[in-house]
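Remember, predicted model here, so these are calculated numbers, not experimental data. Here is how names work: the chains are called A, B, and so on, in the same order as the sequence lines, proteins then strands, and each is numbered from 1.
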2 protein chains.
Amino acid sequence: MAKDKKLVESITSMQEDFAQWYTDVVKKAELIDYSSVKGCMIIKPAGYALWENIQRELDRRFKETGVQNVYMPLFIPESLLNKEKDHVEGFAPEVAWVTHGGQSELQERLCVRPTSETLFCDFYKNDVQSYRDLPKVYNQWCSVVRWEKETRPFLRSREFLWQEGHTAHATAEEAQERTEQMLHVYERFCEEVLAVPVICGQKTEKEKFAGAEATYTIEALMHDGKALQSGTSHNFGDGFAKAFDIQYTDTNNQLQYVHQTSWGLSTRIIGAIIMVHGDDSGLVLPPAIAPVQVMVIPIQQQKEGVLDQANKLYETLKTQFRVKVDDSDKSPGWKFSEQEMRGIPVRIEIGPKDIEKGQCVLVRRDTREKYQTPLEEVPAKLARLLDTIQADLYERAKAHRDSHISDAFDYKEFQTALDKKPGFIRAMWCGDQACEDKIKEDTTATSRCMPFEQEQISDVCVCCGKPAKKLVLWGRAY
Amino acid sequence: MAKDKKLVESITSMQEDFAQWYTDVVKKAELIDYSSVKGCMIIKPAGYALWENIQRELDRRFKETGVQNVYMPLFIPESLLNKEKDHVEGFAPEVAWVTHGGQSELQERLCVRPTSETLFCDFYKNDVQSYRDLPKVYNQWCSVVRWEKETRPFLRSREFLWQEGHTAHATAEEAQERTEQMLHVYERFCEEVLAVPVICGQKTEKEKFAGAEATYTIEALMHDGKALQSGTSHNFGDGFAKAFDIQYTDTNNQLQYVHQTSWGLSTRIIGAIIMVHGDDSGLVLPPAIAPVQVMVIPIQQQKEGVLDQANKLYETLKTQFRVKVDDSDKSPGWKFSEQEMRGIPVRIEIGPKDIEKGQCVLVRRDTREKYQTPLEEVPAKLARLLDTIQADLYERAKAHRDSHISDAFDYKEFQTALDKKPGFIRAMWCGDQACEDKIKEDTTATSRCMPFEQEQISDVCVCCGKPAKKLVLWGRAY
């Protein structure tokens, strides 16, 4: 049992050091490994299987809204990146530059895509001629590179995986509709599949995407009270279209600029799953996204019939659930710890005594509740239990999130709340960037969004006391 | 009708200029577009949907053999690439180099991965400690970059999409088994899903992968008689393990080097689908891989009830088939041409006269045969028809391939066959690279493989007349 304990003890507790707990979990749950390439991570099978499930489910939801997948080049010529002024200012400082191909120096530097607006624009410029060619609702799954100085697994790395949708529309209204539609696809995906509650809103001018007219975001709250921007959707208006000259002939035979959007969600969201649901024993995965939903663990497996019965259970369950049997030569206690570390939602214990009674024991990862269950009732019980876990994880996360939202009416309250009860702060804002800058400078908190659900909780800006324009959600963020 | 004709006439015929026909088809079937990034292509929705189907089916087959997916960094530090001598010699001349990150010059250049052996080795060096950690059977789906001078869509481009499997094993036998197993996964996938017959064999020393002990290949024959290497599988023995110091403790507590393999298949295979099945009207897609298997085309759709009936048919078919209705305002003739260009296996024509008779017309893309079919029999008839088309495409491709294999017993026959009947040539070889070099120099043909099915068709080398060692399949290749 000394060995079993060690596995669990080797994670720092959340209370003690949340950042170290996070690092321990991503390593011990074997989600990632560090590589010889500074700032880039290796996504191991357990981590990549999560991303595959995210991709599959999100891609299905995209396609239901008419999205088509494409693939654009990895490289962007410098002159192309330079075409939209705000965009290049936002991204040029953090891109990687290819200067040599084969043995010779390139005539023009290429950057490794940090995002692909410029490539899609360059493509749409030729591909869109008439109103008949619209809308274009394209998406790509790929990796992008941003030369970050400080990196953390999933949350910030020099290369990360994501999807980026890029659309072109005939009208401003249609572009706005698509921008909001995709934000709500993200919202529902996070809440229904990842059991992560999010708040939808619009970014301030200061925080919006480089080149966008408006940026919308879903913001989640991590266990330590810090916010994580979990997905964004941008309306570009016709700004990029003008910079790249993307025009179409409308039904009256007039040339018009297209209106564009883009929207993205990345492997960062895996950080949210970890930091919203995890505990001191490791990862806790929502059943809807867990690569393995059920682990069958035989007890005293060397005794006659135990392994047979475990395998029989596996056969019964495998068509309906993502199930595995751990028949390795480790001790049951070690297996329990391992399965808890990996966040597998349910384990099934089955030993000689259980078999005698024609039953087994189902154990929830999240609450550790145990259910003695007759063997023939396992499939039905398990289906209900996984649904319950999924719902409970969401409710627990929502309760935590809601209990960590404070309203602040003056600057002192704002600062106190941030330190005493880390979480989101709802406070009014005058609309002036100087106040955002001051708040960031004083507290490191940033405006996360102007929530869609606006409320006038006070008449004055929490920072400067001038008349308030918007309710803003503030917080320290990853 | 002038307009309808134009669409088809705008493709060059295969006979006239095969290379131009190929370029026309990839463009007109909207598989790709050229980009502002020299040598890189844009994969458009129709092309990417093919790749998605390839991925889905191949990934399923991989996982059945125990493969797990991972993701490795995009970049390889120069010192890491340099670790295995043959490997770096093979790849360094054609890689893209990142020299700057953000505003500053990197201390060490990074190459954009041309393939990831070195990254996997660097990872396995730390991740493999004991025999309990073996085997590692990992794969990744990603893009790679090779700085090619001359590029052609799908066949050769500076960036392409692929999967690369990388495995580590305790014994040489197990590595060899895995190398051959994955080659046969490719073989069955090409034959069963893409309807592309392939010949399996081993590459000569000259043609093997940089750093491999042995390379195996599947070779397909295109319609113009040129070969296309369609997938490869390499056994590295313990060469990389020694270069990277990947050792494990065996059951006797002795340190041993691992034995490794890698295997890859790329978007190049889409070129094979085009050049094996296509015709002068455009693409011909095997039903198993076609993104759209059936296109319903209403005739006189403005007449009452026609569109309703077309949509009703769609509703009946959509759960069982990948089906669409073309209810655009184009003429039926134009739609027929378009559907033929895109290679959709079956179209269903339904007009007022058909509806009167309670029938519709099924038309095969490959043979253009028409089948008047009572509406209630459509699902069953369609299922059989798609199976028939799939089987026929394979048989037709195989008959073409087999009728373009010549046996050559002396050098004159070899040269005559190459020019008179372009295709594969079976001829004996002494095993000396000088003969391969001479043949390539004289004829531009290369040794495609030493087929697994060996036969001693002559005692002497087709080139030098010395005693023959191996039967080799030769051909001009893409």
[atom1]/[X]: more than 12 non-hydrogen atoms of other groups inside 6.0 Å:
{"X": "B/Glu64", "atom1": "CD", "answer": "yes"}
{"X": "A/Asp245", "atom1": "CG", "answer": "yes"}
{"X": "B/Glu108", "atom1": "CD", "answer": "yes"}

[X], part contacting chain B, at a heavy-atom distance under 4.5 Å:
{"X": "A/Asn69", "value": "both"}
{"X": "A/Asp127", "value": "side chain"}
{"X": "A/Asn139", "value": "neither"}
{"X": "A/Leu119", "value": "side chain"}
{"X": "A/Lys136", "value": "neither"}

* **Members of residues 34-48 of chain B whose heavy atoms come closer than 4.5 Å to chain A** => B/Ser35, B/Ser36, B/Val37, B/Cys40, B/Met41, B/Ile42, B/Ile43, B/Lys44, B/Pro45, B/Tyr48
What part of [X] is in contact with chain A, defined as an atom under 4.5 angstrom from a non-hydrogen atom: side chain, backbone, both or neither?
{"X": "B/Glu52", "result": "side chain"}
{"X": "B/Ile32", "result": "neither"}
{"X": "B/Tyr138", "result": "side chain"}

* Asked: Using a cut-off of under 4.5 Å for heavy-atom pairs, which of B/Ser328, B/Pro73, B/Ala92, B/Ser157 has the most such pairs with chain A?
  -> B/Pro73
* What's the spacing between B/Arg56 CZ and A/Arg56 CZ if we round to 0.5 Å? -> 10.0 Å
* Structure fact -> Contact list (residues 93-100 of chain A to chain B, heavy-atom gap under 4.5 Å, by number) returns A/Pro93, A/Glu94, A/Val95, A/Ala96, A/Trp97, A/Val98, A/Thr99, A/His100
* To do: Among the options A/Arg146, A/Arg109, A/Lys63, A/Glu148, pick out the one with the most heavy-atom pairs lying under 4.5 Å from chain B.
  => A/Lys63
* Taking side chain as C-beta onward, heavy atoms only, is B/Tyr71 less than 4.5 Å from A/Glu159? -> yes
* **Test item: B/Val145 and A/Leu74 side chains (from C-beta on) under 4.5 Å apart, heavy atoms** => yes
